Amino acid sequence: MTGSNKKFPGLASRELTAAISAILAATGAATAQEQPAAGATLEEVIVTATKREERLQDVPESITAISSDDILKRGLFQMDDYARLVPGLTVSDREPGGTTIVFRGVVTSGLQFGSVSSSALYLDEQPITQSGRNPDPRLIDVERVEALRGPQGTLYGASSQSGTLRVITNKPDPSKLETWFDAQLTSVHDGGEGYDVSAMLNLPLAEDKVALRLVGFTSKDAGFIDNVLGDSEGGTYNNSNKVKKDVNSTETTGGRAALGFDVTDNFKATLSAVFQDVHLDGHSDINAGTGDLHQVRFENESMDDHWYQVALTLDANLSFGHAVFAASYFNRDFAYEADASTYEYQFNQTFIDCVPTPTYECLPTYDFGGDPRGFAKNHEETEITTFEARLSSPTGTGSRWSWLIGAFYSEEKGKTAFDSFIRGYENTGAFKYFSYYEQNLTGSPLPATETWFLGRYDTELDQVAAFGELGFNVTENFSITAGGRWFDYDRKFGQIQEQPEGFTGDTRLDSVLKTSETGTVWKLNGTYKFSPDHLVYATYSEGFRVGGANPLKGNTVLPRVYDSDTLKN
């Protein structure tokens, strides 16, 4: 039996932390470390959860905003750090880059495969949600994190069924030169050593017009799980050649470059690029009965997560409204390798099937040799392209009406290759069974292979949507807002499974399964303000999650495709 152990920064497992921070700033430049002077008031938190800039206390929604000051003071770096600060938010994770975001307990399962997520993850203006495999942007030079408990279907669309998590980066500032550098050394009790180094440079290129912001970071989270000596399930071999201490160390490297243009007082453009690479030497799962923070592994384990995003945002204050156009491209390459020896031992069967050859031999179908040793590999490639344009009513006009309209388009493509291997598989009874079967079908024996199962899964999701909100101030203190989102999506799913590799008699090749749907979700809100800083509100809202196809074998009784589901709150 295995369990999961994660290191949470700030807990007792970190025995020693030595931090060296140097802030190098131009004269008059403010830094996140500065404290307000005596008698000064704290700066108001401005959020964009409603697609407009508003004070947090003016937004009639269930929102938690974590500012850059909070991120710095609390030492927040990743999702499981700040999830503990947000009511109603849970992060289910197996390792960095393998997370499921859960708002209000609405989720299909903690570790998902195939289904679409019920909660969305945004990096600035782009959704980068991946079911069960959400990337984890490191919180370096981040303006704030916004957690929007849902449903948020009208403004944020699919996968915002139960909520939306937004990571918003700091933008270039052409008004000042600013820089900082931070370094930390860490040591974990009964574990290894780690470090965290990061730096930022905000460089004006043209006074009050153009600025370049550069951010870089590299870190190592020390490992604390030991792969200890142990015997296989069948007792015929051990892992003496894989014994190692602190196998679950994590190395993260990344950076960001953003070029900001303040073309006029009313028109701004930002071009940005972000990348992040994560490497794990081993997984954090433990084996029960082997001792505290111990595991027994017979094969190499690792994980690599490489992703980048490029984005262009145009922001214009016009006489008739505030216009925003955002275009983004996200690319991710995610792969892991895991020991599968224990799983394959449990899967090992001696079910007998008789092969219709001239000799009519009866052979075991899943005889892996009694005590198999093997591993699995998974490789996923994802591309997400999004465009959004919106126009909102101008502020400060004194009108009792407010409005927002917008359009959204997204194209997501994914490819997954999964392979499961058994050492010396060609010498097992199972391989002999399939080889006899292949000889009978094609006249040729099955080529030697260590791959006893492979799966290839290709997905494509295209979405278009139009959304809007209309608000009216009934009185000076009471307002109502109604909103809606029309959506249309097409989803494709292709699947190939071979068992084993190259066996034509057991290849499940589904023609590409398709699902399409058009629908609308709604929102209605009433807000009463007692004072500039106190309000009460009531909201009805809906959210949806797109349908899709189930990755199933041919003889299943379960449905091949399923429609979207809707959450009403």
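Predicted, not measured: the structure shown is a model, and the values here were computed from it.
- To the nearest 0.5 Å, atoms OG1 (Thr253) and NE2 (His306) are separated by 10.0 Å.
- Aromatic ring orientation, Tyr343 versus Phe347: parallel (interplanar angle below 30°, classes split at 30° and 60°).
- For Phe368 and Trp452, the ring centers sit closer than 6.0 Å to each other.
- Between the side chains of Ser249 and Asp281, at least one donor N or O sits under 3.5 Å from an acceptor N or O.
- Side-chain atoms of Gln78 and Asp80 include a donor-acceptor pair closer than 3.5 Å.
- In this structure, Phe431 CZ and Phe503 CZ are separated by 10.5 Å, a value rounded to the nearest 0.5 Å.
- Aromatic pair Tyr122/Tyr156: ring centres closer than 6.0 Å.
- Using modelled atom types and a 3.5 Å distance limit, the side chains of Asp124 and Thr169 yield a donor-acceptor pair.
- For Asn248 and Ser284, the side-chain atoms include at least one donor-acceptor pair closer than 3.5 Å.
- Counting heavy-atom neighbours within 6.0 Å of Lys415 NZ, excluding the residue itself, gives a total of 12 or less.
- We find the CZ-OG1 distance between Phe434 and Thr449 to be 12.0 Å, quoted to the nearest 0.5 Å.
- Ile225 approaches Asp285 most closely through the heavy-atom pair CG2-O, 4.3 Å.
- Between Asp81 and Gly75 the shortest heavy-atom distance is OD2-O, 4.1 Å.
- A distance below 6.0 Å separates the ring centres of Trp307 and Phe330.
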